[in-house]
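Structure, as structure tokens:
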Amino acid sequence: MSEQPKQLVAPTGTHDVLPDSSRAWERLIGTFSDMAHQWGFGLVLTPMFEDVAVFNRGIGEESDVARKEMYVFEDRGGRTLALRPEGTASIVRAFVQHHPTTPWKAWYVTPAFRYERPQAGRYRQHHQLGVEVLGTSDPLVDVEVISLAWRFYEAIGLRRIRLLINSMGHEECRGEFVVSLRRHLTDHELQLCEEHQKVWSSNPLRVIDCKKQECRSVVDAGPSIADALCSECVTHFSAVSEGLTAIGVPWERNVKLVRGFDYYTRTTFEFVSDALDGAQNAVGGGGRYDRLAEDLGGSPTAGVGFGSGIERLLLALQAEDVAHFEVLRDDSIDVFVVDTTGGQEALQLSDLLRRNGFAVDRAFDSRSMKSQLKAADRSGARVAILVGPQELEVGTITIRDLRAIDESNRQRVISRIDVVDAVREAIETSLN
RNA sequence: GUGGGCGUAGCUCAGCUGGUUAGAGCGCCGCGCUGUGGCCGCGGAGGUCACGGGUUCAAGUCCCGCCGUCCACCCCA
């Protein structure tokens, strides 16, 4: 006797999605796919791993994600590759590579990988869906992107969502702001929180959204990005916020909204769920990235997009008790075929009914009628059709309503030839 | 990367200060109903008490380590 091998499990921070919960995933992704097409976006699929430079140059080598969270590996040909940590950089790389006509409107759904310590709403593999628009700097595109996200959240049933928007300015006014911010932080370095006293100079913008009281006091007394914007950036921001208001999407300006990726210019935004109380309350976010295509070796091309975390959305839905994302009994199959003559009849009948559009399941292993009916009940089917030796001999089928309440009149015998029509009728008359 | 809680049946958990064959509910299988599910009753299967060391006459229970998980920080979806 050999020893039983050690049982293997999914790696830390990853999860299997089983049928109990995968139905909600299907609905979420299906809804987003429908809406993205309605908004004029086409699906773009890119490889799950890229040359590490795509992400380093994209999200910025100084960002936490690039510095310590990427899954970087070398392949057998000595290439340095990384599993994608977010959705945008790959899409822009594909744009640069194929130079499609603009505006290029892409939607995507993809896993994303970050080597982090897992906790509520944060995993080493999570999933994002989102869109990107390349090739136009029209502020109304920002509005279109944000509104798609907003309408999507509405469509899936989220209510307690808030939209926070800000502008990071373009290269120049943002640069000037960083200079004055640096000056201010240098003057007040010793008042910062312990952590930021050490690391603020590598990425001063990070201090702005630090939650510690020490840093907040320093930041509040310092320069605001809102005052540093040039007139063009101010105009852009106004057009975005007015556009949102025009179509009834509520927003809040948050001048401290500084997102983690370096590629953002001008518009940045984030959607937070008030139903999620933990630190992981951001269900989506994005912004404009007018320099990114250039950074990835393309010609200067404006871009804007958003991404949303599927796991976070599901947590928010759960927290809001959105019932329609639970698995409903109605969602299951129509007919369960019970066959106690060996299984050949179930084979033929299942095939026939499925070809006629019914959702059908059956039992295997020649189990007893009692056991097969139990399985039929568990399946949630509305009706069962029964074939035993008696029916087989005379060419009939017993059709049984599994949802009827009284025992009389819930079951009848039909000719096998009429099975499709009889099943159709039985399903229509069956109670819900 | 830092800090804390928790790992006992498929699932949710009980197991008092260490003491004989480790329990419950749900789920699963079977029987009551030798061709009829759900409800009810009865019965059954299923556990190297995450793993590895240690203390002890004796460890699910105490100690150390390790892995996993959850939570917080950091950061983000």
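Throughout, protein chains are lettered first and strands after them, A, B, ... in sequence-line order, and every chain is numbered starting at 1. Quick note: numbers below take in every heavy atom, side chains included, and nothing from hydrogens, waters or symmetry partners.
Residue Gly13(A) is in sugar-phosphate contact alone, with no base atom involved, counting any heavy-atom pair closer than 4.0 Å across all strands shown. Within the nucleic acid shown, Gly121(A) comes within 4.0 Å of at least one base atom, counting heavy atoms only. Within 4.0 Å of Ala120(A), counting heavy atoms only, lie sugar-phosphate atoms of the nucleic acid but no base atom. The residue Gln125(A) sits apart from the nucleic acid: no heavy atom pair falls under 4.0 Å. Using a 4.0 Å heavy-atom criterion, one finds that Ile310(A) contacts no nucleic acid atom at all. Across all strands shown, Gln411(A) has heavy atoms under 4.0 Å from base atoms, whether or not it also approaches the sugar-phosphate.
Under the Watson-Crick or G-U wobble criterion, with both distances below 3.5 Å, C11(B) is paired with G25(B). Base pairing of G68(B) is made with C6(B), judged by Watson-Crick or G-U wobble geometry with both donor-acceptor distances under 3.5 Å. With a 3.5 Å ceiling on both atom-pair distances, A59(B) lacks any Watson-Crick or G-U wobble partner. Using the Watson-Crick or G-U wobble rule with both distances under 3.5 Å, G1(B) pairs with C73(B). C42(B) and G30(B) make up a base pair, with Watson-Crick or G-U wobble contacts both under 3.5 Å. Applying the Watson-Crick and G-U wobble criteria (two distances, each under 3.5 Å), C49(B) pairs with nothing in any strand.
Rounded to a whole angstrom, the distance from the P atom of G47(B) to that of U55(B) is 30 Å. One C1' atom belongs to G30(B), the other to A22(B), and the distance between them is 25 Å to the nearest Å. If you take atom C1' in G18(B) and the same atom in U61(B), they sit 6 Å apart, rounded to whole Å. If you take atom P in G4(B) and the same atom in C63(B), they sit 15 Å apart, rounded to whole Å. Taking atom P in both A14(B) and C73(B), one finds a spacing of 27 Å when rounded to whole Å. G3(B) and C62(B) have their C1' atoms separated by 24 Å, with the value rounded to a whole Å. Comparing G46(B) with C29(B), their C1' atoms are spaced 11 Å from each other, to the whole Å. Taking atom C1' in both C26(B) and U36(B), the straight-line distance is 25 Å, to the nearest Å.
Checking C76(B), G30(B), G35(B) against every side-chain atom of Ser371(A), the shortest atom distance belongs to G30(B). For Arg312(A), counting side-chain heavy atoms from C-beta on, the closest listed nucleotide (G38(B), C76(B), A72(B)) is C76(B). Of all nucleotides listed (A77(B), G38(B), C75(B)), C75(B) comes nearest to the side chain of Glu69(A). Between G38(B), A77(B), G35(B), one nucleotide has an atom nearer to the side chain of Lys374(A) than all others, and that is G38(B). Counting only heavy atoms from C-beta on, Arg367(A) has its side chain closest to C29(B) among U36(B), C29(B), C75(B). Comparing atom distances between the Gln390(A) side chain and each of C31(B), G30(B), G35(B) picks out G35(B) as nearest. Taking the side chain of Ala282(A) as heavy atoms from C-beta on, and the options G30(B), U36(B), A77(B), the nearest nucleotide is A77(B). Between A77(B), C28(B), C74(B), one nucleotide has an atom nearer to the side chain of Tyr123(A) than all others, and that is A77(B).
Phosphate proximity of C29(B) to Arg378(A): present, with a side-chain N or O under 4.0 Å from OP1 or OP2. For C71(B), the OP1/OP2 oxygens have no side-chain nitrogen or oxygen of Gln119(A) closer than 4.0 Å. A sub-4.0 Å separation between OP1 or OP2 of A72(B) and a side-chain N or O of Arg117(A) is absent. Residue Thr12(A) places at least one side-chain N or O under 4.0 Å from the OP1 or OP2 atom of U69(B).
Rounded to whole Å, atom P of C71(B) lies 10 Å from atom CZ of Arg122(A). Distance Gln372(A) CD to U34(B) C1': 16 Å, rounded to the nearest Å. Summarising the geometry, the separation between CD on Gln280(A) and P on C71(B) is reported as 9 Å, rounded to the nearest angstrom. Across the protein-nucleic acid pair, Arg84(A) atom CZ and A77(B) atom P stand 14 Å apart, rounded to whole Å. In this structure, Met70(A) places its CE atom 14 Å from P of A77(B), rounding to the nearest Å. For the pair Met369(A) CE and C29(B) C1', the computed distance is 19 Å after rounding to whole Å. Lys370(A) has its NZ atom 12 Å from the C1' atom of C39(B), to the nearest Å. One can place CZ of Arg400(A) at 5 Å from C1' of U36(B), the figure rounded to the nearest angstrom.
For the pair Arg162(A) and Phe271(A), the cation-pi test (distance below 6.0 Å, angle within 45°) is failed.
In this structure the side chain of Val52(A) never reaches within 4.5 angstrom of the side chain of Leu81(A), judged on heavy atoms.
The aromatic rings of Phe306(A) and Phe32(A) sit perpendicular to each other, their planes meeting at more than 60°, with 30° as the lower class boundary.
No side-chain donor from either of Thr268(A) and Asn166(A) sits under 3.5 Å from a side-chain acceptor of the other. With no hydrogens or angles considered, no side-chain donor-acceptor pair links Arg291(A) and Thr265(A) at under 3.5 Å. For the 3.5 Å distance criterion, the side chains of Glu132(A) and Tyr289(A) qualify, holding a donor opposite an acceptor.
For Ser147(A) (side chain) and Val143(A) (main-chain N/O), a donor-acceptor pair under 3.5 Å exists by modelled atom type. Using modelled atom types, one side-chain atom of Arg312(A) and one backbone atom of Ala282(A) make a donor-acceptor pair closer than 3.5 Å.
Atom CZ of Arg416(A) and atom CG of Leu392(A) lie 8.5 Å apart (nearest 0.5 Å).
Residue Ser368(A) is the one, among Ser368(A) and Val9(A), whose nearest nucleotide of RNA chain B lies closer to the 5' end (criterion: closest heavy atom).
An aromatic stacking contact links His126(A) with the base of A77(B), defined here by ring centres under 5.5 Å apart and ring planes under 30° from parallel.
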